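Both backbone and side-chain heavy atoms feed into the values below; hydrogens, waters and symmetry mates do not. All values reported here derive from a predicted model rather than from experimental measurement.
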Amino acid sequence: MGSTSDNNATVICPVCNTTVSAAGDVCPTCGFRFAGATAKFQAVEPADVPANAAPHDHCEHPQLTLLKGPQQGQVFNLGTLPITIGRDPKCDIFLNNMTVSRKHAVIERHADQIVIRDCASLNGVWVDKKIVDEAELSDGSLVQIGTFVMQFGCA
């Protein structure tokens, strides 16, 4: 029995379950990057996502609180920005899981805004259930990096 080549092969996106051509690099529905993905994970679907919290004019004490992950409840104070997030132990916020890239994201201050920027990670950065390259963080924003879910806040 010989092998056959299937030019119409499809795969299922591990994030949104959309059927996608196996030749594609990115899911057209959710933006998940297939090329080189490290491990499967599900985007968070919390029941009580804050409805577009208003940004602060100036966030004096920004922080991330880990809602889902091994260190659940841990608070990361973001006093001196920029802050790197990733699987590399040298990152300011170390998230030890194969769904997280070595240098996954960075949080920076741009004038009076605090933004998170994806550093070309394989599984992307999600803010309030949307995959983003860069996004402003508001009090109550949910940030998902791999299987870790964190809530941004201004203390």
Quick one: are [X] and [Y] in side-chain contact, heavy atoms under 4.5 Å?
X	Y	answer
I93	T84	no
D118	I131	no
I145	V143	yes

What are the two closest non-hydrogen atoms of [X] and [Y], and how far apart are they?
X	Y	value
L122	S101	N-OG, 3.1 Å
F76	Q74	CE2-NE2, 3.4 Å
I116	V125	CD1-CG1, 4.0 Å
V106	C119	N-SG, 3.9 Å
I114	P62	CD1-CB, 3.6 Å
C91	K103	SG-CA, 4.4 Å

Under the side-chain contact (heavy atoms from CB on, under 4.5 Å) rule, collect the residues that match up with [X], sequence neighbours excluded.
X	result
P70	F148
E134	H110, V115, R117
K130	none

Give a yes or no answer on whether the side chain of [X] reaches the backbone of [Y] with a donor-acceptor pair at less than 3.5 Å.
X	Y	result
D128	S141	no
N77	G79	no
Q71	G73	no
R102	D88	no
Q151	G140	yes
T65	V75	no

Next on the checklist: For N123 and S121, which I'm curious about, is there any donor-acceptor pair between the side chains at under 3.5 Å?
Outcome noted: no
### Task
Give the cluster check for L67 versus F94: same hydrophobic cluster or not, with ILVMFWY residues linked at side-chain heavy-atom distances below 4.5 Å.
no
Atom pair [atom1]/[atom2] of [X] and [Y] - distance to nearest 0.5 Å:
X	Y	atom1	atom2	answer
R109	L137	CZ	CG	11.0 Å
H104	I85	NE2	CD1	8.5 Å
K129	L142	NZ	CG	9.0 Å
D92	L78	CG	CG	9.5 Å

